[in-house]
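Note that the numbering runs from 1 along the sequence shown for the chain.
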Amino acid sequence: MKALQNILFGVKLREVVGATQQEIVSLQIDSRKITPGAAFVAIKGAQSDGHDFIQVAIEKGARVIVCEQKPAELNPAITYIMVEHAQEAVAIMAHQFYDEPSTKLKLVGVTGTNGKTTVATLLFKLFNALGYTCGLISTIENHIGKKIVPSTHTTPDPIQLNALLHQMVEAGCTHVFMEVSSHAIHQHRITGLHFVGGAFTNITHDHLDYHQTFEAYLEVKKTFFDQLPSSSFALSNLDDKNGAKMLFNTKAKKVTYALHAPANYKGKILENVLSGLVMLINDIEVHCRLIGTFNAYNLLTVYGIAIELGEKPQEVLVILSALIGAEGRFDYIVSQEHIIGIVDYAHTPDALENVLTTIAKLRKGNETVITVVGCGGDRDKTKRPIMAQVACDLSNKVFFTSDNPRSEDPNEIIKDMEQGLSSAAKRKYINIVDRKEAIKAAISFAKAGDIILVAGKGHEKYQEIKGVKHDFDDKQILENLFKELAK
């Protein structure tokens, strides 16, 4: 239980009706989770408005209602807190309710379009190997030390997030590495948290269904760095044309990394083969198990963060050389027939181009590159034809298929992908809506030495169709089909 007046500290209040000198047992934004003695925060969401559930919350035992609009009828037994912004208010209240957990550990946020999961996961593995007890908050899964907690969003809602951080403090975690999505920044899920550092990977065409314009998307990402305190560090990729912009106006210590531009943390690729990368990091040669230019950037980001957190360069590089990346990020297997299958989460034009460019560099001769790719439903439609063109430009053969169609007709999504394709591209692709059949067709088309990329879903173990999540694992299906081929 927490005193209401204490958890309201820092919240922008417009009006208070009722007593604040009372204890609350929990903080909720979902009326279905209300138990007697709870405080309910009414959030206006994209699908529903929490204000419509205030009466339901009261009937289930809520003592306190936090809202932006005062109800027409007030219950004298209830305390009403009117605020300027409910999403911001609940984040601040949650941080207070859970005893400000982010101030009791070293919290590092990683933001950008691509690379967040790999960077956060590598940091978690690195600092565990250095002997620390760590937490991880990522798209794939959350970790509290050795305990794994399933992940439902890139960044949880502020109540779940602060509860998770509190559990990490209780478990003795000293460091927490966290993906910070643009949605989380814009929706105030991370408001009130104390970050000892933040890192920017890159920014490309994504989430325009939500942010509407690239400029708005860019500005939201920048907000994360604008809010970092002077005691923190801000690490940015100077090879990204917007990398320097992220550091404008930040009070944090400004540090940079790059493969091409002058930077605090400088990298150079010496060798890039299927067995891994050989690169220079600040003039020290390192052999790494990760593959591709995009992973060279990820490794530089991890190295920079580790050094800013006070670790010794040589110890960091020794451990980095042995680490593997996150599940579903350039995950590859080789069939008995020596066909190479690669599963990758690439679901933006830039990410797909990065993976296919890496594959091109790994080719030793005339191997055929076959790509299986789709686009998610109910998401940014403008990237669909761009994704399709990238796939066709950088592959010898392409199978357009369904990804997570969600509420949309997968055939219509593929039609969107076909729009504006060049005449050369049109000669390269085949439409097979069933994703498993598309993967099977790609394998049947391949011969020894050829490379199949199955892009878009990566670590996901499901395919979402009409609101239902069906079991679907790209890597498992690829492995099973390879075994069938070997029989």
Side-chain angles (χ1 to χ4, degrees), residues 110 112-130 177 199-202 235-240 243 256-307 311-334 340-346 350-365 367 369 394 449 451 453 455 458-459:
V110 183
T113 305
N114 303 311
K116 296 188 297 296
T117 302
T118 297
V119 169
T121 302
L122 288 174
L123 283 164
F124 175 75
K125 292 179 178 180
L126 169 64
F127 276 77
N128 271 321
L130 285 167
F177 305 104
F200 169 73
T201 58
N202 51 65
L235 176 67
S236 190
N237 176 8
L238 285 191
D239 285 344
D240 186 285
T256 58
Y257 68 97
L259 290 177
H260 305 295
N264 300 102
Y265 299 102
K266 187 80 169 107
K268 182 180 180 181
I269 296 174
L270 302 178
E271 191 176 349
N272 180 20
V273 293
L274 201 56
S275 59
L277 278 165
V278 180
M279 61 185 293
L280 292 176
I281 295 181
N282 279 8
D283 297 322
I284 302 173
E285 186 171 314
V286 190
H287 295 240
C288 298
R289 296 174 66 182
L290 299 176
I291 303 165
T293 302
F294 59 94
N295 272 322
Y297 281 108
N298 291 335
L299 288 163
L300 267 180
T301 314
V302 172
Y303 178 78
I305 290 170
I307 303 309
E311 300 307 313
K312 295 176 181 178
Q314 197 61 41
E315 288 184 17
V316 170
L317 292 175
V318 168
I319 296 170
L320 272 186
S321 68
L323 294 182
I324 58 173
E327 182 186 5
R329 270 62 175 178
F330 214 89
D331 237 347
Y332 73 93
I333 52 177
V334 182
I340 299 169
I342 298 171
V343 172
D344 195 273
Y345 188 55
D350 184 71
L352 185 61
E353 183 176 351
N354 284 339
V355 173
L356 285 169
T357 300
T358 296
I359 290 171
K361 291 176 181 176
L362 296 175
R363 293 171 72 187
K364 293 182 174 64
E367 302 94 338
V369 177
L394 298 175
I451 302 169
L453 170 65
H459 64 281

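Without hydrogens or angle criteria, N128 side chain to K125 main chain gives no donor-acceptor distance under 3.5 Å. For the pair R289 (side chain) and L323 (backbone), a donor-acceptor distance under 3.5 Å is absent.
For the atom pair T113 OG1 and D350 CG, the distance stands at 7.5 Å (nearest 0.5 Å). Once rounded to the nearest 0.5 Å, the distance linking CZ of F330 with CG of L290 reads 10.5 Å. To the nearest 0.5 Å, atom CG of residue L317 and atom CD1 of residue I284 are 5.0 Å apart. Rounded to the nearest 0.5 angstrom, T301 OG1 and F200 CZ are separated by 10.0 Å. Separation of atoms OH (Y257) and CG (N237) is listed at 4.0 Å; rounding is to 0.5 Å. The distance from atom OG1 of T256 to atom CG of L235, rounded to the nearest 0.5 Å, is 7.5 Å.
The two atoms that bring A129 and I319 nearest to each other are CB-CG2, 3.6 Å, heavy atoms only. Considering every non-hydrogen atom in both I291 and T358, the closest pair reads CG2-CG2, 4.0 Å. Nearest heavy-atom pair, L300 versus G267, reported as atom, atom and distance to 0.1 Å: CD1-N, 3.7 Å. The minimum heavy-atom distance between A258 and A263, with the atom names listed, is N-CB, 3.7 Å. Considering every non-hydrogen atom in both S321 and H287, the closest pair reads CB-O, 2.9 Å. Minimum heavy-atom separation, S236 to G243: OG-O, 2.6 Å.
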Notebook entry, point to check: How far apart are the C-alpha atoms of D239 and Y297, what are their side-chain angles, what is the distance that settles it, and do they pass the side-chain hydrogen bond (donor to acceptor under 3.5 Å, both in side chains) test?
Noted result: CA-CA 9 Å; D239 285 344; Y297 281 108; 2.7 Å; yes
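The closest side-chain heavy-atom distance from L352 to L453 is below 4.5 Å. Side-chain contact between T121 and E327 is absent, with no heavy atoms from C-beta onward closer than 4.5 Å.
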Which atom pairs, one a donor and one an acceptor, fall under 3.5 Å between side chains of residues 269-283 and the rest of the protein, sequence neighbours left out?
{"unit_1": "N272", "atom_1": "OD1", "unit_2": "G292", "atom_2": "N", "d": "3.1"}
{"unit_1": "N282", "atom_1": "OD1", "unit_2": "K266", "atom_2": "N", "d": "2.7"}
{"unit_1": "N282", "atom_1": "ND2", "unit_2": "N264", "atom_2": "O", "d": "3.4"}

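Considering only residues two or more places apart in sequence or on other chains, Y265 meets the ring-ring contact (aromatic ring centres under 6.0 Å, His included) condition with Y303. The side-chain contact (heavy atoms from CB on, under 4.5 Å) search around T118 returns L122, N295, N298, A326, R329, not counting sequence neighbours.
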